[in-house]
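Working notes, structure below.
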Amino acid sequence: MYLRHVGWVGDVEGHGGDAIDCAQVARLLVADGATDDLVPLRGKLHRCAFAKARSGARYQNGFWCFAGCVHDGRTLPDRSVASRVMSAPTELAKTYVPADAEPDVTSRWLAANAFHVEPAEVVDGQVADDGRAAYSIVIPPPNVTAALHLGHALNNTLQDVLTRYHRMKGDRTLWMPGTDHAGIATQTVVEKRLLSDGIKRLDMGRDAFISKTQEWKDEYEAVILDQLQTMGASCDWDRTRFTMDDMCATAVRHAFFELFKDGLIYRGKRLVNWDPVTRTALSDDEVEMEEVEGHMWYLTYPLADGSGSVTVATTRPETMLGDTAVAVNPEDPLAAAVRGKEIVLPIVGRTIPIVEDDYVVMADPDGDAKAQYASGFLKVTPAHDPNDWDIGLRHDLDVINIMGPDGSISDQHGWEDISDEARAFVGLSREDARTAVVDWFEANGLLAEVRDYTHSVGHSYRSHVPIEPWLSDQWYVAVTDDKLRGSALRAQDPTQTPDLPDGVSPRADSTGDGGLRFHPDRYARTYYAWHDNIRDWCISRQLWWGHQIPVWTQLVSVADASPEVSAALEGAELDVASQVTSSWTSAGAAHLARLVTPTEIEEAVCVPPQSTLSRLDRADAALDEPGLVAALEAAGYVRDPDVLDTWFSSGLWPLSTMGWPWAEDFDGAAGLLETFNPTSLLTTAREIITLWVSRMVMFNRYFRGGDLPFQDVFIHAMIQDGHGQKMSKSLGNGVDPRDIIHSHGADAMRFSLVQMTTDTQDLRMPVDMICPHTGETFTPTFVKTPAGHDVAAAIQDSPGGDGRQMVSPFGAASGEVAPNDEMPLARNTSTKFDIGRNFANKVWNASRFALGSLEDDHSGRPPVDLTSARFIDRWIVARLAETIASLEQAVDGYHFNTYADTLYHFVWDDFCDNYLEAIKPTIRDDADQQVVLGAVLDAVLRLMHPVCPFVTEALWPNVSAARSGSIAGLELPPSDLLALAAWPVLDPSLVDAGAVASFERANELASQIRRLRGERLVKPKQRITIHVDAAVGELIAATDGFVETLAGVGTVADASAGDLPTVSSAIAFEGSQVVVSDLTEAVDIDAEKDRLDKVIADLEKQIANFEGRLANEGYVNNAKPHLVQETRDQLVAAQADLTASIAARTAID
RNA sequence: GGACCGUUAGCUCAGCUGGCUAGAGCGCUCGCCUCACACGCGAGAGGUCACAAGUUCAAGUCUUGUACGGUCCA
């Protein structure tokens, strides 16, 4: 006994009760002798539910249908179909059920370790040529903060399509998987979770917190890797990396050491984007600009000589405590009166200069928004505003920091001239200080005006509070150096960005120059523009989770400095570091010193990893890394507590995952770099072109002699929800790919995503929900968030109308509501994926049909010579050839949607609708045709595999087993696994252009006949008779039954042979009349007249159009000759059809 | 403020260097339980290609401007 049909019973599994799986139910039924009974199909079903459903089910269309049946208090959805137990052991289920096939396919791949690849043989640092090209992709490592969403699914599907395609093409193909520790993001999530249990990070201590975070990481890394496998990613799982594992950590340590040693890493007091909540410096890219409705305050500052006052305009009055100048534009008429004067700063009592700087916007009530709000005088606070910092540098102003790391007013961080009046403000939060300062000015009659003012303010992308420009010590990478920025720009393909900015050395023939291409190419300009304005990269983060900076520092007074340090700093400027040669350097470390004040020196010693240390040629080789660290600490050096910016380690990803710099230290890593770096492609979203792509290019080129990290960059579209909003974690409108896989299957998701991937920027995905109570799909209720976004309400009512409720994925993601038994979590779905599901089912059924026709063994026979094959066989092979060529072109150009569309129409239209239909009358008795069918089906599965790996792999054993024989000129070597099978290769001589042309004509005739049948509502089984002239008769004969089969023609009669039937209709085809009879007993004369009149009118319109075009001298003289000729031919054809139609019409009257 | 993308059928989208009567899937209408597939088969309806001007023999496609929606960077 065997389960023939597998339908489904909706999503009733996993919601409590004693579920049993369908196979078990089937066995029970079979044991009962209930062979003609139903079995539940998909996944699991409640025992009681099953029994009740059975009683209410209807038998319909050969199936038992549970649609609308109420059981266990639930109404089964429309598609709830169960099936009969059949006694046909080899047949496949009637419907493709992804949930049944996917786990099995995945385990076959994993068992075979199908995606593992060994690097090429490397001799003397060179890859030995064995005729195989290398193809490699490193995965953009997902953050271990949360599960993957649809954007990841899209990105990874595209990578998998390319990976599988190249693997089938015979390339040595590596897709390197891994995850990113995502410093700030992960630490924030973990801190939040701990805080909800009342635990504070600072109370736990660093080690305990890190191990807690490690647990979180392990959990989410497992989820992510499982998601990737569930969606079919063919990564080399043996090589799975993590940005903080030993291999990557070694790379990070080594890279840092090299840059430090080369003077490209430095430390200095700089204004950073400070997040006072997470107490962390953010890079510019981590700051989000938000429009804020605030005020512009106008403060009056008295002149020191008592001759009057000036009024400054500010949005941040609290920072006035740190003002060290007032600036005015030298062009401003107001400037003359105050030139050379000084101000006494209110509250503080500090005397500060008035400086002239053309940065200052002059007041102009009719000017732009800024000028309208300007007063002409600008308070200058170098320690608390980046623009003021620049003004300060130009005018050599004092820098007075008045805030602590928490953003409160403080006199402990560089504010020394504090007055008694000002002391009252110390300790206030920046918000309270703002109010207090404004109040003070008002109370003292110095507040000139307050106006409402909307402006954009930088906010932390983590804590969402306004960032504070704040003065602190940070580590920087000098990316503005030509060796980094210049190299990133020179990497660009000159056809995409021909000119380089000033200060960048020109491209040379050096390795990697000009080799980086963006797709679509507009993104080359995004990359370029960013580097044009790049600033040095702040890489220190005040976090615990990450790579701790491998530098030990110590402050010493100038008087106590060691002789080596003093010597190194001889004549050095303040804040400029010098290399020191010391006992540390002879042990292999790098040693820098700089004057931080005229009397204080900061020494910094960078320790390389042990693996680097052991390879250095150094004087004191006895000290290993732990020994060196111990010695440093004994000498009073303290390790910098900060960690590196996450992008520092991800910037090394294409190197670190391949074992750089010491691959031989790690099992299986030797040779990876030589074989696979530069990688072939990076696919990513456009928002990280700057954050990530740029850094990988700079690092890879710097450390690998100019080699690029990858040759091509493909930027994919961003998925938006049904309201045109970006799907994002913070909005909570993301969709878990597992939800889509659950409702549609992995292939359906993949195919649909690939089919949506055009080179546009955005794609919209309206999302529905599945009710966990009833299994129904419904459109959720949306609400507006305070920020104005449309999101699904956290709690949704069951569409059943029975008062039951559920939690929407948004509700769960936003933390608004936690799902429970009463209110379970709903899954998302989207009808956008129907196309993929239907397609997977189509190929499944086409295979079922074909397999049923491939019962004979032809393996002993010589290869089929296609030139003597039937017309339809020659045609399908010609179409196969065209399809293979189109697919290859599409993949090579990253035209993913073209790949999907080409595949879809070849499989559905050509293979199923035309070929399979056409061969039905002959396939049983035609051995050659069986060979062709088997070969084409085999090829179809291969071509589909990169996009739909599961359904094709699931079918593969059956198809491999059933097909036999071969076609001369079509190479389809056997393989146990489809994933490892070869891409089809077809001899171009097999393309019969004549067959393709004849097919077009015959198909047009068949379509016209079907159209007539459709209009007449002719029964499908009704065989009709057509009466044709000699030319059409020849076409019908040449196409070997195609027209008869596809148009339901029983008899083809010679129109010239005798009397035409009186009851008939006529079609104009290629200028002749095709008379159709035996449609029905009686032809409706009036309907026939109307139909022909419509055809005639339509042809007349066309003819007028063609004649008009040909009467236009401009067209005839200027258009390309072949186009003019084409129009002439069309005119002639239309005229002939018109004549034929008129003749038919006349005959009726 | 700068840059980029989008606006084509009810919905989601194709339409390459300007040239067939502007296409697809879903949805809709009609007919079909045709022995692979109702997640199917056959047929059909449905579009002033956002708006305005320009270039051209010819514009959905090129240019300029406007409007609306979106993204990124300041």
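Being a predicted model, the structure only gives us computed values, none of them experimental. The chains referred to below are lettered A, B, ... by the order of the sequence lines, with proteins before strands, and numbering in each begins at 1.
Checked by distance alone, A/Q1008 brings no side-chain donor or acceptor within 3.5 Å of a matching partner on the base of B/A43.
In this structure, the nucleotide among B/A36, B/A43, B/C41 sitting nearest to the side chain of A/D913 is B/C41. Checked against B/C32, B/G19, B/A36, the side chain of A/R848 finds its nearest nucleotide in B/A36. Of the candidate nucleotides B/A36, B/G70, B/C39, B/A36 has the atom lying nearest to any side-chain atom of A/F849. For A/N838, taking side-chain heavy atoms from C-beta onward, the closest of the listed nucleotides B/G25, B/A14, B/G40 is B/G40. Distance from the side chain of A/K726 is smallest for B/C72 among the nucleotides B/G25, B/C72, B/U34. Side-chain proximity of A/R764 to the nucleotides B/C39, B/G19, B/G69 is greatest for B/G69. Nearest nucleotide to the side chain of A/R837, out of B/G19, B/C39, B/A14: B/C39.
When the C1' atom is used for both B/C49 and B/U71, the distance is 24 Å, rounded to whole Å. Spacing of P atoms, B/G69 relative to B/U8, comes out at 15 Å, to the nearest Å. Distance noted for atom C1' between B/A14 and B/U34: 33 Å (whole Å). B/U17 sits 24 Å from B/U21 when the C1' atoms are compared, rounded to a whole Å. When the C1' atom is used for both B/G1 and B/G46, the distance is 44 Å, rounded to whole Å. Comparing B/G15 with B/C5, their P atoms are spaced 14 Å from each other, to the whole Å. Across B/G60 and B/G2, the matching P atoms stand 31 Å from one another, rounded to whole Å. The P atoms of B/A67 and B/A9 are separated by 23 Å, rounded to the nearest whole Å.
Comparing A/Q725 and A/G722 against RNA chain B, the residue whose closest nucleotide sits nearer the 5' end is A/G722.
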Base-pairing string, 5' to 3', of RNA chain B - Watson-Crick or wobble, under 3.5 Å, | interstrand: (((((((..((((.....[...)))).(((((.......))))).....(((((..]....)))))))))))).
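Checked by atom type and distance alone, the side chain of A/Q720 never pairs as donor or acceptor with a backbone atom of A/D762 at under 3.5 Å. With hydrogens and angles disregarded, a donor-acceptor distance shorter than 3.5 Å links the side chain of A/R1013 to the backbone of A/K1019. At distances below 3.5 Å, not a single donor-acceptor pair connects side-chain atoms of A/D747 with backbone N or O atoms of A/G836. When atom types are taken as modelled, the side chain of A/Q1102 and the backbone of A/A1134 share no donor-acceptor pair closer than 3.5 angstrom.
The side-chain heavy atoms of A/S743 and A/F833, taken from C-beta on, include no pair separated by under 4.5 Å.
With salt bridges taken as basic N to acidic carboxylate O contacts below 4.0 Å, none links A/D532 and A/R525. Of the charged side-chain nitrogens involved, none lies within less than 4.0 Å of a carboxylate oxygen, so that A/K1101 and A/D1098 do not count as a salt-bridged pair.
If you run ring pair (Phe, Tyr, Trp, His ring centres under 6.0 Å) between A/F518 and each of A/F714, A/Y523, A/Y528, A/Y527, only A/Y527 comes through.
For A/Q1125, the CD atom is densely surrounded, since the number of other residues' heavy atoms within 6.0 Å is greater than 12.
Across all strands, A/L851 comes closer than 4.0 Å to no nucleic acid atom at all (heavy-atom distances). Among the heavy atoms of the strands, none lies under 4.0 Å from A/N1117. Using a 4.0 Å heavy-atom cutoff across all strands shown, A/T831 reaches no nucleic acid atom at all. As judged by a 4.0 angstrom heavy-atom cut-off over every strand, A/Q755 is placed among residues making no nucleic acid contact. If you check every strand for non-hydrogen atoms under 4.0 Å, A/H905 touches sugar and phosphate atoms only. Using a 4.0 Å heavy-atom distance criterion, A/L1017 is classed as a sugar-phosphate-only contact.
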Write down the protein N/O and nucleotide N/O pairs, taken from nucleotides 20-23 of chain B, whose separation is under 3.5 Å; answer none if there are no such pairs.
residue	atom	partner	partner atom	Å
B/C20	O2	A/Q1130	NE2	3.4
B/U21	OP1	A/R1109	NH2	3.0
B/U21	OP2	A/R1109	NH2	3.0
B/U21	N3	A/Q1102	NE2	2.8
B/U21	O4	A/Q1102	OE1	2.6
B/U21	O4	A/Q1102	NE2	2.6

For nucleotides 3-11 of chain B, print each protein N/O atom paired with a nucleotide N/O atom at under 3.5 Å, atom names and distance only.
residue	atom	partner	partner atom	Å
B/C4	O2'	A/Q761	OE1	3.0
B/C5	O4'	A/Q761	OE1	3.2

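In terms of phosphate contacts, A/W908 brings a side-chain nitrogen or oxygen within less than 4.0 Å of OP1 or OP2 of B/C41. Within the structure, every side-chain polar atom (N or O) of A/R1013 is placed at least 4.0 Å from both OP1 and OP2 of B/G31. At B/U34, none of the side-chain N or O atoms of A/K920 fall inside 4.0 Å of OP1 or OP2 (strictly under the cut-off).
The distance from atom CD1 of A/I715 to atom P of B/U71 is 18 Å, rounded to the nearest whole Å. A/I719 has its CD1 atom 11 Å from the P atom of B/C13, to the nearest Å. Following rounding to the nearest Å, A/F751 (CZ) and B/C39 (C1') show an atom-to-atom distance of 14 Å. Atom CE in A/M765 sits roughly 17 Å away from atom P in B/C26 (whole-Å rounding). The nearest whole Å value for the distance from the CG atom in A/N845 to the P atom in B/G40 is 10 Å. Counting to the nearest Å, the P atom of B/G42 and the CZ atom of A/R1016 are 21 Å from each other. The separation between A/K842 atom NZ and B/G40 atom P is 7 Å, rounded to whole Å. Atom CZ in A/F839 sits about 12 Å away from atom P in B/G40, given to the nearest Å.
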Steps toward side-chain contact (heavy atoms from CB on, under 4.5 Å) verdict (A/V940, A/F906): CA-CA 9 Å; A/V940 162; A/F906 174 68; 3.8 Å; yes
Annotated protein contacts, base or backbone, on nucleotides 53-67 of chain B with a non-hydrogen cut-off under 4.0 Å, one of B, S, - each: ----B----------
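Defined by atom type and a distance below 3.5 Å, a donor-acceptor pair is missing between the side-chain atoms of A/D910 and A/H905. Checking A/T779 against A/D768 by side-chain atom types alone, a donor-acceptor pair falls below 3.5 Å. With 3.5 Å as the limit, one finds a donor-acceptor pair spanning the side chains of A/S1065 and A/R1016.
For the pair A/K920 and A/F849, the cation sits on the ring face: its NZ or CZ lies under 6.0 Å from the ring centre, inside 45° of the axis.
Legend: residues meeting side chain to side chain donor-acceptor pair (under 3.5 Å) with A/N845, ordered by chain and number and at least two apart, are A/N841, A/R848.
Here side chain to side chain donor-acceptor pair (under 3.5 Å) pairs that include residues 1111-1123 of chain A, with residues two or more places apart or in two chains, are A/Y1115-A/T1127.
Taking the six-membered ring for Trp and thresholds of 30 and 60 degrees, A/H723 and A/F782 have ring planes more than 60 degrees apart, a perpendicular arrangement.
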